[in-house]
Amino acid sequence: MPEHAALDDLPAQMHAPVFETNRPKTVRLRLEAGDEVPAHSHPGFDIVFHVVAGRMELTLDGETHEVAAGELLRFGGDRDISPRAPVDSTAVLVFAPAVDDD
């Protein structure tokens with residue numbers, strides 16, 4: 001049975017799990033204009049970062065990438081990540097277990 005979720009039905013907190021299970025972990029990130037999440041990492045995961053409203057400045061290992069609504073970034077969770085919202089913004093992050101491609 002597929003799991004169904006609506007972003008608008010999630011709690012109003014900054015980080016909100018989208019589904020009850022973490023396979024894969026999926027989180028809605030809501031930031032108000034000027035909010036920033038301190039640099040951190042998620043070792044062992046590959047991350048898909050999808051901005052669904054507004055725009056975010058996503059700093060990865062000190063390099064900043066502008067991501068507008070409808071755009072996605074994919075990157076390794078071992079990198080330092082720090083999202084910042086110049087305007088009210090919402091993103092969905094999917095954390096998939098990293099797979100060694102070697």
With distance as the sole test, does [X] use its side chain to make a donor-acceptor pair with the main-chain N or O of [Y] at under 3.5 Å?
X: D35; Y: E32; value: yes
X: S82; Y: D80; value: no
X: D88; Y: A33; value: yes

Worksheet item: Can you check side chain to side chain contact (heavy atoms under 4.5 Å, CB included) on L93 and L29, steps first, answer last?
Response: CA-CA 7 Å; L93 287 79; L29 173 65; 3.9 Å; yes
Discussion item. With a sphere of 6.0 Å drawn around CD of Q13, does it hold more than 12 non-hydrogen atoms of other residues, nucleotides or ligands?
Written reply: yes
Could you tell me whether the side chain of [Y] reaches within less than 4.5 Å of the side chain of [X], counting heavy atoms only?
X: R30; Y: S89; value: no
X: L58; Y: T64; value: no
X: V87; Y: M56; value: no
X: V48; Y: F75; value: no
X: T59; Y: I81; value: no
X: P83; Y: E36; value: no
X: K25; Y: F45; value: no

Discussion item. The test is side chain to side chain contact (heavy atoms under 4.5 Å, CB included); show your working for E71 and V51 and say whether it passes.
Written reply: CA-CA 6 Å; E71 296 180 342; V51 176; 5.8 Å; no
So if you build clusters from Ile, Leu, Val, Met, Phe, Trp, Tyr with side-chain heavy-atom gaps below 4.5 Å, do [X] and [Y] land together?
X: V37; Y: L60; value: yes
X: L31; Y: V27; value: yes
X: V67; Y: V52; value: no

Practice prompt. Take the angle between the ring planes of H42 and F95 and call it parallel below 30°, perpendicular above 60°, tilted in between.
Written response: perpendicular
Worksheet entry | Test side-chain contact (heavy atoms from CB on, under 4.5 Å) applied to H50 and L72, L73, V94, T90, the passing residue | L72
Fill in: Audit row: E57, H65, side chain to side chain contact (heavy atoms under 4.5 Å, CB included) steps and yes/no
CA-CA 6 Å; E57 298 165 351; H65 305 269; over 6 Å; no
